[in-house]
Amino acid sequence: MARISSRKSGTSFSRLAVATMACALLGVSAGAASADSVYWGHQPATTKHGPTARNFAAAAATPTNAANPVFPLIGVDKANLVWVYGPNGAGGLTPREATDGTFPALANDAFVDNDADGYLDGEWQWSTGGNLDFYSNSNVPKPISGGWNIYDKVLAPGNLGGAPGYDIVARDKTGVLWLYLGYGDGTVTSRIKVGGGWNVYTQLAGKGDLDGDGRADIVARDTAGVLWFYKGTGNYKAPFAPRTRIGSGWNMFDALVSSGDVDLDGKTDLIAREPGGNLWLYKGTGNAAAPYRTRVQIGWSYNIYRLMAS
């Protein structure tokens, strides 16, 4: 079973269950599942609180694809402990699973699917010092670059430029959005300017395809609480089509994050947290005009986390 550890310097991190998640979802069948084979992180002294064999057997039997990935959700609490959640096979999340050590310098984290099979095979991590590292199939970080603390928002929604590897979008503190194309090994191109004015948004989120065309999309919430849909074009020179309005009232949430297909129906979903800690799932429809169904509560007390990511 994988064991997650952190460097004492707090400036570099080990991967968060990359290999275990991939093996669990790809290698477990309903007839051969075992609790150990689908277990994340380390084993607590008393009992396992993580995904069960039944849950991951259901996940493994569910078809997935690059456009609608299945990723874990992580939460970093105020003590800088990292906790992992996965799909429970019934439309919600498994009980949280602890990782080893503390991560005081973790600013953001993004799982990726660079081989386009719908499951994670790598992970970008940003430190508070502005460094970006990549993890794939080992606990050894691959340093990518520094200077990322010029951005106040970064995310890896999927393949935006037409190549298989995941790409990064980053918003600087003046509101300009930039695109970094990924090579599939963690390295990225020089940044490409997407456009200005993105500081009208208080939240950006996305992990996969929302409108059924096979391209990664994102959503953005403005200061008035209106949620907007940005359709991916597959063209790195203009990665998003003009925005379309989804709805209003989204300023009731203090965090929006997507971990891909949570309810395992083959469509990408959105997770939203209220300041009081209630967690809601907006199930994807695959319809650009109305990309989400009516919300369903899937948790509470998630306000213990200073960071939620996937």
Check whether [X] and [Y] end up in the same hydrophobic cluster, where Ile, Leu, Val, Met, Phe, Trp and Tyr are linked by side-chain heavy atoms less than 4.5 Å apart.
X: W178; Y: L155; answer: no
X: V200; Y: W250; answer: no
X: L160; Y: L120; answer: no
X: L307; Y: W148; answer: yes
X: L132; Y: V76; answer: yes

Can you tell me how far apart [atom1] ([X]) and [atom2] ([Y]) are? Round to the nearest 0.5 Å.
X: K283; Y: D263; atom1: NZ; atom2: CG; result: 5.0 Å
X: L177; Y: I218; atom1: CG; atom2: CD1; result: 6.5 Å
X: M308; Y: S259; atom1: CE; atom2: OG; result: 8.5 Å
X: E97; Y: W83; atom1: CD; atom2: CH2; result: 8.0 Å
X: L179; Y: R191; atom1: CG; atom2: CZ; result: 12.0 Å
X: T94; Y: Y85; atom1: OG1; atom2: OH; result: 8.5 Å

Non-hydrogen side-chain atoms of [X] and [Y] separated by less than 4.5 Å:
X: V219; Y: Y292; answer: yes
X: P87; Y: L93; answer: no
X: D217; Y: D211; answer: yes
X: V112; Y: F134; answer: yes
X: K142; Y: D185; answer: yes
X: N108; Y: V154; answer: yes
X: I192; Y: L181; answer: yes
X: N149; Y: Y151; answer: no

Give the C-alpha distance, both sets of side-chain angles, the deciding distance and a yes or no for salt bridge (charged side-chain N to carboxylate O under 4.0 Å, His left out) between R215 and D209. CA-CA 5 Å; R215 299 188 181 98; D209 174 29; over 6 Å; no

Please determine, by modelled atom types, if [X] and [Y] share a side-chain donor-acceptor pair under 3.5 angstrom.
X: Y305; Y: R96; answer: yes
X: R306; Y: N80; answer: yes
X: T233; Y: N235; answer: no
X: N131; Y: W126; answer: no
X: N68; Y: T268; answer: yes

Could you tell me how the ring of Y282 sits relative to the ring of F253: parallel (under 30°), tilted (30 to 60°) or perpendicular (over 60°)?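 It falls in the perpendicular class, over 60°.
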
Quick check against the 3.5 Å criterion: does [X] have a side-chain atom that pairs as donor or acceptor with the backbone of [Y]?
X: E274; Y: G276; result: no
X: D121; Y: N114; result: yes
X: E123; Y: F111; result: no
X: R273; Y: Y302; result: yes

Determine whether the aromatic ring centres of residues Y180 and W124 are separated by less than 6.0 angstrom.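 They do not qualify: ring centres at least 6.0 Å apart.
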
Quick one: are the ring centres of Y230 and W198 less than 6.0 Å apart?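 Judged by ring-centre distance (under 6.0 Å), Y230 and W198 do meet the cut-off.
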
Pairing of K207 and D261 as salt bridge, 4.0 angstrom limit: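 A salt bridge is absent here (no side-chain N lies under 4.0 Å from a carboxylate O).
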
For residues P72 and S310, report the shortest heavy-atom separation together with the two atoms involved.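 Looking at all heavy atoms of both residues, the closest pair is O-OG, 2.7 Å.
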
Go through it in stages, so that I can follow the logic: the residues are Q125 and D109, the test is side-chain hydrogen bond (donor to acceptor under 3.5 Å, both in side chains), and I'd like the CA-CA distance, side-chain angles, deciding distance and then a yes or no. CA-CA 5 Å; Q125 289 186 340; D109 191 284; 2.9 Å; yes

Of all residues at least two apart in sequence or in a different chain, which pass the salt bridge (Lys or Arg N to Asp or Glu O under 4.0 Å) check with R221?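 Result, salt bridge (Lys or Arg N to Asp or Glu O under 4.0 Å) vs R221: none returned.
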
